[in-house]
4 protein chains.
Amino acid sequence: MAKAERQAREKELRRNLILKSALFSFAKYGYHKCSMDLIAEEAELGKSTIYYYFKNKDELLLEVLKSGLEGFFKKLTDKWAELNDPKEKIESVSLAAADFFAENPDYFKLYLYLSLHPKIKNVTVNSLRPFIENKNKLFVKLFKDARKAGIIKPMPPKNLVEIFGTLIMGVGIFGHYKRKADIRKRMTLINEIFFEGVTPEKED
Amino acid sequence: MAKAERQAREKELRRNLILKSALFSFAKYGYHKCSMDLIAEEAELGKSTIYYYFKNKDELLLEVLKSGLEGFFKKLTDKWAELNDPKEKIESVSLAAADFFAENPDYFKLYLYLSLHPKIKNVTVNSLRPFIENKNKLFVKLFKDARKAGIIKPMPPKNLVEIFGTLIMGVGIFGHYKRKADIRKRMTLINEIFFEGVTPEKED
Amino acid sequence: MAKAERQAREKELRRNLILKSALFSFAKYGYHKCSMDLIAEEAELGKSTIYYYFKNKDELLLEVLKSGLEGFFKKLTDKWAELNDPKEKIESVSLAAADFFAENPDYFKLYLYLSLHPKIKNVTVNSLRPFIENKNKLFVKLFKDARKAGIIKPMPPKNLVEIFGTLIMGVGIFGHYKRKADIRKRMTLINEIFFEGVTPEKED
Amino acid sequence: MAKAERQAREKELRRNLILKSALFSFAKYGYHKCSMDLIAEEAELGKSTIYYYFKNKDELLLEVLKSGLEGFFKKLTDKWAELNDPKEKIESVSLAAADFFAENPDYFKLYLYLSLHPKIKNVTVNSLRPFIENKNKLFVKLFKDARKAGIIKPMPPKNLVEIFGTLIMGVGIFGHYKRKADIRKRMTLINEIFFEGVTPEKED
DNA sequence: GATGAATGAGGTTTCATTCAT
DNA sequence: TATGAATGAAACCTCATTCAT
């Protein structure tokens with residue numbers, strides 16, 4: 001019957017509405033100062049309805065983060081599919097992040113905020129860890145490939161991933177940029193520094 | 001009378017004890033999950049005593065951060081006094097940070113955590129802003145000097161401060177390092193990348 | 001039409017399924033900690049279905065208890081039909097209870113639990129009262145008959161019913177017995193004490 | 001200083017006030033239907049004050065029960081100190097219980113209610129277990145002594161303790177008695193049945 | 001100066017029940 | 001007949017803060 005199908009679709013929509021409202025409110029007030037009431041109000045639903053869709057606040061947070069990260073990595077891997085050159089692939093990470101920041105200014109702030117919270121770190125974010133570590137391996141491999149291709153100095157790939165990741169996330173932390181073009185410009189600068197450094201070419 | 005003096009000294013000691021306990025507990029539990037009780041217990045003082053020394057939780061946090069930052073910048077400016085070369089000065093920032101991270105693993109995490117918290121950002125941390133912006137000017141000037149000295153490409157100094165700052169703080173975010181030597185090594189890598197990039201020298 | 005009949009039969013089956021699941025869950029979690037969800041899940045039915053069969057949680061409880069008690073008294077009166085001697089009849093109560101405990105370890109616990117719950121006592125269990133008082137009269141009559149037959153001291157029959165009832169229910173309260181044989185043995189001891197006391201025969 | 005002493009005394013008084021209010025309210029509404037608000041209102045204190053004195057609802061319950069049982073056993077052992085004959089000692093148990101029921105009509109109901117609650121049984125009441133098992137040993141010893149003195153048939157003392165205990169608690173369960181004299185009368189009947197049984201003396 | 005005691009405000013979560021389909 | 005979805009009401013508990021001493 002088409003009915004069941006429509007219901008499933010509507011349920012998915014509601015779920016996404018809650019996810020969206022939660023992200024918005026978490027980001028606006030910060031996870032700890034954002035009450036379930038606030039989220040419910042934002043979603044224009046009863047508070048208990050949220051508990052009908054998500055077991056508790058922690059899980060809601062988790063799903064918010066998951067859906068955000070999934071969106072980001074979907075975009076990124078789509079882009080990678082079009083590229084071959086490792087350097088271009090690396091640069092595409094920051095550019096994909098730029099677009100993602102512009103469209104979802106809250107995800108990375110929330111993610112970082114939580115990464116730094118000692119208690120949550122141990123409970124919720126940890127269940128994201130497998131997901132993240134999986135992605136991390138992709139990045140490590142990317143840098144290894146770049147190294148093999150001779151376009152990167154012999155530096156430990158893991159460290160490079162961390163450092164490059166930091167650079168990108170920094171945009172999210174300090175991010176007072178609003179326009180996508182500005183963020184892209186900043187990412188371009190980051191790419192340039194990461195690859196070439198700030199030291200001018202010696203002319204001789 | 002020496003009595004008043006001794007009393008003043010004792011008061012200062014108490015204040016510092018509270019500050020230390022607060023930092024420890026904030027870092028251990030996260031600002032929002034760290035109750036005044038926890039801090040009082042850590043300091044082995046009555047809870048109300050904390051209110052005798054600090055107006056409220058927010059102000060306590062502020063003072064904790066201030067004292068931490070002051071410590072860091074004290075060390076940094078001491079080092080700068082010994083140096084002339086702008087590049088060396090820039091590099092000394094990350095090395096000073098390395099030592100500071102090793103000795104005070106919690107300050108920067110707390111600082112970052114709060115930088116990302118929307119509400120606190122607007123209330124408490126903002127009152128740190130003058131202090132920080134002041135220090136920021138020092139860094140901007142440093143990069144301008146470096147630019148003048150020709151050891152830096154013509155890139156916007158403000159952006160460079162942010163990017164270099166991000167690189168350093170990243171160590172605090174991911175910070176799984178325990179030994180000072182490890183942190184220093186990582187900072188050296190960061191310095192190298194920042195100045196020279198990851199692209200190998202073209203040999204021709 | 002046979003259809004209506006089958007439907008009625010199926011409805012009865014569903015009702016019993018819910019009753020069984022409710023008893024199981026009430027006993028497992030305790031009435032107050034047992035949510036309708038739990039019961040619905042146990043019955044593998046939608047939660048609203050329970051409301052289709054029973055007006056509310058209280059009524060469900062009531063019906064659970066009723067059906068349990070009915071089962072017990074059915075067995076008991078069946079046995080009584082075979083017996084004439086009042087003493088044997090009295091003893092058969094505890095033995096019937098033994099079997100009933102063994103087969104339905106939860107009914108009496110639930111019944112007692114609720115007898116002790118002040119609020120429920122006043123609302124739901126009270127509607128069991130006519131039923132129970134009816135049965136009680138049977139017991140009182142039994143003890144009166146026993147008195148007439150000269151096999152019981154001249155003690156107030158009502159009190160004897162209460163005391164004998166207590167003894168039996170005590171097995172349900174402390175009931176750490178698992179095997180039917182153990183419960184029967186215990187009931188035999190209770191019968192002996194109730195009739196003969198614990199004081200040894202004077203030998204002279 | 002006398003000040004500290006007075007404060008300690010006042011704190012103890014408050015604690016007892018809460019305990020009393022809690023017992024009253026638990027008994028009136030039943031543990032699960034008795035909210036902390038209700039207790040606070042009864043004690044004419046803020047709800048949080050109760051949490052200042054007791055960690056949570058479970059612990060409050062535990063302390064209520066503990067204090068009740070302690071009161072009972074204090075009275076009982078006081079009486080035992082005056083007695084030598086094991087039979088008199090046994091009888092004194094039910095008479096002490098009679099007085100205790102009359103003065104604290106709620107304790108045993110609450111205790112039983114909780115003994116029967118599957119979830120609480122495993123958490124809170126269990127922490128009473130050592131206390132209770134300790135007392136139980138006293139009773140077992142009492143029945144062993146009575147056996148040695150030849151005033152009890154060779155029946156397993158543990159079972160006798162349970163059965164005798166059940167008889168006494170039954171008064172608490174069904175207890176519609178208000179006047180101390182009525183309860184004592186009932187206990188006397190129980191003692192008589194327990195020792196001599198309901199079977200009349202054979203006259204021959 | 002120092003603190004034990006008290007609490008109001010607010011947070012998360014549970015759950016019986018209803019309603020549209 | 002059966003049920004998925006939604007929710008209001010209420011429960012437990014935490015915590016920054018105050019106040020009397």
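Below, chains carry the letters A, B, ... as their sequence lines are ordered, and counting in each starts from 1. All heavy atoms count here, side chains included; hydrogens, waters and symmetry mates do not. Computed from a predicted model, the values in this text were never measured in an experiment.
Donor-acceptor pairing under 3.5 Å is lacking for the side chains of B:N16 and B:Y53.
With a 6.0 Å radius and a threshold of 12 heavy atoms from other residues, nucleotides or ligands, A:E41 has its CD atom at or below the threshold. Heavy atoms from other residues, nucleotides or ligands lying under 6.0 Å from CD of B:E10 number more than 12.
In this entry the distance linking NE2 of A:H32 with P of F:dC15 reads 11 Å, nearest Å. In this structure, A:R9 atom CZ and F:dA5 atom P are separated by 14 Å, rounded to whole Å. If you take NZ of B:K33 and P of F:dA16, they are 11 Å apart, rounded to a whole angstrom. Separating the CD atom of D:E41 from the P atom of F:dC12 is a distance of 13 Å, rounded to the nearest angstrom. Atom pair D:K55:NZ and F:dC12:P shows a separation of 16 Å (rounding to whole Å applied). Across the protein-nucleic acid pair, B:Y31 atom OH and F:dT14 atom P stand 19 Å apart, rounded to whole Å. For the pair C:D37 CG and F:dT7 C1', the computed distance is 13 Å after rounding to whole Å. Residue C:R15 contributes atom CZ, which lies 14 Å from atom P of F:dT1 at whole-angstrom precision.
Across all strands shown, F:dC13 forms a Watson-Crick or G-U wobble pair with E:dG10, both key distances being under 3.5 Å. Pair check for E:dA20 finds F:dT3; Watson-Crick or G-U wobble, both atom distances under 3.5 Å.
Backbone-only engagement by D:N56 is indicated by non-hydrogen atom pairs under 4.0 Å involving sugar-phosphate atoms exclusively.
Contact annotation: the side chain of A:Y107 approaches that of A:S67 to within less than 4.5 Å [non-hydrogen atoms, C-beta and beyond]. Side-chain contact between D:Y31 and C:H32 is absent, with no heavy-atom pair separated by less than 4.5 Å.
Note that the CG atom of C:L60 and the CZ atom of C:F26 stand 4.5 Å from one another [nearest 0.5 Å].
Under 4.0 angstrom from either OP1 or OP2 of E:dG1 there lies at least one side-chain N or O belonging to B:K11. OP1 or OP2 of F:dA6 lies within a sub-4.0 Å distance of a side-chain N or O belonging to A:R14.
Checked against B:E63 for a salt bridge (charged side-chain N to carboxylate O under 4.0 Å, His left out), the options B:R15, B:K55, B:K57 give a single hit: B:R15.
Near-neighbour residues of DNA chain F inside residues 42-54 of chain C, defined by a heavy atom below 4.0 Å, number-ordered: C:L45, C:G46, C:K47, C:S48, C:T49, C:Y52, C:Y53.
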